[in-house]
Amino acid sequence: MGDLRVRFAPSPTGYLHIGGARTALFNYLYTKRNGGKFVLRIEDTDVERTIEDSAEKMMESFKWLGLNWDEGPIVGGPASPYQQSQRQDLYSKYAQTLMDKGLAYRCYCTPEELEAEREQARLAKKAPRYSGRCRNLTQEQTREFENEGRKYAIRFVTPDQGNTVVNDLIHGEVSFQNEEIADFIIMKSDGLPTYNFACVIDDWLMGITHVLRADEHLSNTPRQMMIYRALPAPMPKFAHVPMILAPDRSKLSKRHGAQTVEEFRDKGYLPEAIVNYIALLGWTPPDATREIMSLEDMVEVFELSRVSSTAAVYDVQKLTWMNGQYIRQLEPEELVQKLIPFIESAGLATREELAPRKDWLIQAVITMQERARTLEDLAESMEFYFRPPGSYDEKGVKKHFAKPNVAGLLQKCTEVLSRMPDWSLEACEHAYTSLAQSEGIGRGKLIHPTRLALSGKTFGPGLFDIMYVLGRDETISRIGAAIQFINKLL
RNA sequence: GGCCCCAUCGUCUAGUGGCCUAGGACACCGCCCUCUCACGGCGGAGACACGGGUUCGAGUCCCGUUGGGGCUACCA
């Protein structure tokens, strides 16, 4: 093949979390930057842990993020199939090859026996490592185990001496003593391969030239290199990227709240923001001061030499800030399209109800756009555009309603507003400015109570924007309701 | 326990022996803009884990300690 080939190989045991997404992203960037092929492979050799639909959900997330694969499930490719559960015969075949060469052997130990052995080693304060007791079984012993009906796993014969040096593209040379590595299982007794074996066979057969994966696999790499040498198969280059940690510096897990791509999507984060943010977790662009970058921007300048070797803790606040940046960049019409599902799930209006009011919705969204952080928050904060406030902000009531004269002033406001020849933002503003003047008060004395009357809140878009979007009838009616509320107050 | 990786503001990071009285971003605080909030602008507080070396000179190189993470599985 000759060409650069890179892969991302998740195991379908859950949703795609941001750590996995980030590793996939680095793979993608590296491939596109260097003109190679990006292969997606599903590592589903653990029947117990594999979760139904997980692979499908992950692929959905990849597509949503814009990380499209050149070869893999759905799209196919010359190295099909791309799902390990469909490649069993391959693993058996090469395991047999290794056994024929005397580089692998059957191990009849039961999990219980192995556990007992480890336990003993722990008590004796020795390394809890497999002893190699089945390495040189006689034919007699083998027959005995078979007669007992024992199942066997296949172990790989690891070298007893020497060193294995990983030449990592990020960490440099990392050396491991071979004697530290015990004979490990490559085929489980259920006939399925283990990770360290399947991974090598597939990377080899799929012509993978560069293995970019999370740091946690650095210690597994010497094991895999031993298999490459035993087959023999050409060695790919390795690059171990730092892991992403939860805010408490522990490994990402479910109890840390939102962290899967799907969850972020459902909370109203944009794929562009997520991709941009996670890229910066461990990678710095050449111009480190320019942080807002599209996937295309990143492809142009991505280099492994600027990937750090330090684990990163993700910070939702910065992601959220970045999401706000992306929301602000959107054309209002596009934003509305993305927002509609969130307006629906906030129970404010249905898609059907919204359809004929598209122009109105755009106007409303424009007033809120620069305040938005996530689509979910944005939709929720637009509630007052859809229905009158159910209650008034408590502090606001004290500050703006519970003062002498407020009801009277609001009354005058409604009168002025209803007399205006036409309803526009400028006309509303002009009306308020002159009323304030003739009353000899600041505009704020009118504006703040009105905002509270219209939205129930003390913050939000400019008052005249709100009035314009609400329309004259609704505006006057809400002010009227507020006047009644104030009168009851006193 | 053994082996391996990692260590700059709260977080993400710049920094590859003198340009560092350590720069940027998020968050935080103050001021400005202003009808509020937000946006935006300006300013502030805030870090080289510790201890030894090497060197004229160390955040940058070496060693140790401490701390965090990973592997040591018939998980990946």
Side-chain angles (χ1 to χ4, degrees), chain A residues 9-13 43-46 48-49 107 109-111 114-115 118 121-122 124-130 151-155 166 168 170-171 174-177 179-182 184-196 198-199 213-223 240 242-243 245 247 249-251 277 280-284 288-292 306 308-322 324-325 328 368-373 381 396 399-400 429 432 436 442-448 450-452 455 457-464:
Chain A
S11 69
T13 54
E43 308 216 325
D44 53 351
T45 56
D46 186 340
E48 302 261 302
R49 293 208 312 152
C107 172
C109 300
T110 64
L114 294 170
E115 182 48 47
R118 273 193 297 268
R122 265 194 294 271
K125 299 228 174 204
K126 286 205 211 137
R129 228 177 298 151
Y130 176 66
K151 298 234 184 220
Y152 66 86
I154 300 176
R155 281 185 190 271
V166 180
D168 191 88
I170 290 171
H171 294 273
V174 183
S175 178
F176 296 85
Q177 294 206 302
E179 61 176 340
E180 294 287 338
I181 298 170
F184 56 91
I185 289 176
I186 56 176
M187 295 292 281
K188 297 179 269 188
S189 55
D190 64 2
L192 291 171
T194 55
Y195 163 73
N196 280 125
C199 174
R213 70 201 352 168
D215 244 357
E216 56 186 322
H217 293 304
L218 183 53
S219 303
N220 280 319
T221 307
R223 272 171 257 274
H240 289 92
M243 301 182 58
L245 271 23
R249 292 221 146 253
S250 70
K251 214 173 160 183
Y277 177 71
L280 264 21
L281 250 29
W283 172 70
T284 312
T289 62
R290 194 174 144 243
E291 291 197 320
I292 303 290
R306 293 190 67 84
S308 120
S309 45
T310 316
V313 173
Y314 78 93
D315 176 22
V316 194
Q317 285 192 118
K318 183 155 181 179
L319 203 212
T320 305
W321 165 80
M322 197 167 268
Q325 297 290 313
R328 251 160 264 146
M368 300 294 296
Q369 188 166 8
E370 66 186 14
R371 264 162 278 265
R373 299 173 82 71
S381 66
K399 204 168 172 189
H400 306 301
E429 177 155 20
Y432 264 54
R443 292 202 315 173
K445 289 271 185 289
L446 265 25
I447 287 173
H448 295 304
T450 307
R451 174 180 293 102
L452 191 59
S455 71
K457 300 187 191 319
T458 57
F459 55 87
L463 178 66
F464 308 113

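Everything numeric in this text was worked out from a predicted model, so none of it was measured. Here is the naming used below: chain letters follow the sequence lines, and residue numbers restart at 1 for every chain.
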Report the distance from atom [atom1] of [X] to atom [atom2] of [Y], rounding to the nearest 0.5 Å.
X	Y	atom1	atom2	value
A:Leu218	A:Asp168	CG	CG	6.0 Å
A:Met187	A:Leu192	CE	CG	7.0 Å
A:Ser308	A:Trp283	OG	CH2	13.0 Å
A:Arg451	A:Phe459	CZ	CZ	10.0 Å
A:Glu291	A:Tyr277	CD	OH	10.0 Å

Base contacts versus sugar-phosphate-only contacts with protein, heavy atoms under 4.0 Å: please encode nucleotides 28-41 of chain B as B, S and - from 5' to 3'.
-------BBBBSS-
Each nucleotide of nucleotides 69-76 of chain B classed B (base within 4.0 Å of a protein heavy atom), S (only sugar-phosphate) or -, in 5' to 3' order, makes SBSSSBBB
Looking across every strand, which nucleic acid part, if any, lies under 4.0 Å from A:Gly396 by heavy atom: base, sugar-phosphate, or nothing?
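It contacts nothing in the nucleic acid.
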Just call it for A:Arg306: base, sugar-phosphate, or nothing, with non-hydrogen atoms closer than 4.0 Å on any strand.
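The residue A:Arg306 makes sugar-phosphate contact but no base contact.
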Distance check, [atom1] atoms only: [N] and [M], in whole angstrom units.
N	M	atom1	answer
B:C61	B:G17	C1'	8 Å
B:C29	B:C19	C1'	31 Å
B:C9	B:C42	P	26 Å
B:G44	B:G1	P	47 Å
B:C6	B:G41	C1'	39 Å
B:A47	B:A22	P	10 Å
B:A14	B:A25	C1'	11 Å
B:U60	B:U8	C1'	11 Å

Is any side-chain nitrogen or oxygen of A:His240 closer than 4.0 Å to OP1 or OP2 of B:C5?
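It does not, given that no N or O in the side chain of A:His240 lies less than 4.0 Å from OP1 or OP2 of B:C5.
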Heavy-atom pair with the smallest gap, counting every atom of A:Pro222 and A:Val166:
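Shortest heavy-atom separation between A:Pro222 and A:Val166 comes out as CD-CG2, 4.1 Å.
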Closest approach of A:Gly396 to A:Thr458 (non-hydrogen atoms, all atoms of both residues)
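In terms of heavy atoms, the two residues are closest at CA-CG2, 3.5 Å.
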A:Ser11 and A:Tyr195 side chains, donor-acceptor separation under 3.5 Å
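No donor-acceptor contact under 3.5 Å links the two side chains.
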Can you tell me the distance, in whole Å, between the [atom1] atom of [X] and the [atom2] atom of [N]?
X	N	atom1	atom2	answer
A:Gln177	B:C5	CD	C1'	16 Å
A:Tyr314	B:A27	OH	P	17 Å
A:Lys318	B:C12	NZ	P	10 Å

Given that both distances must come in under 3.5 Å, which nucleotide forms a Watson-Crick or G-U wobble pair with [N]?
N	value
B:A22	none
B:U16	none
B:C71	B:G2
B:C31	B:G41

Nearest-nucleotide wise, let me know which of A:Val313 and A:Thr289 is further upstream toward the 5' end of RNA chain B.
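Between the two, 5'-proximity favours A:Val313.
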Test side chain to side chain donor-acceptor pair (under 3.5 Å) applied to A:His240 and A:His171, A:Arg213, A:His217, the passing residue
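It is A:Arg213, the one option of A:His171, A:Arg213, A:His217 that forms the side chain to side chain donor-acceptor pair (under 3.5 Å) with A:His240.
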Taking atom NZ of A:Lys188 as the centre, report whether more than 12 heavy atoms of other residues, nucleotides or ligands fall under 6.0 Å from it.
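Counting other residues, nucleotides and ligands, NZ of A:Lys188 exceeds 12 neighbours.
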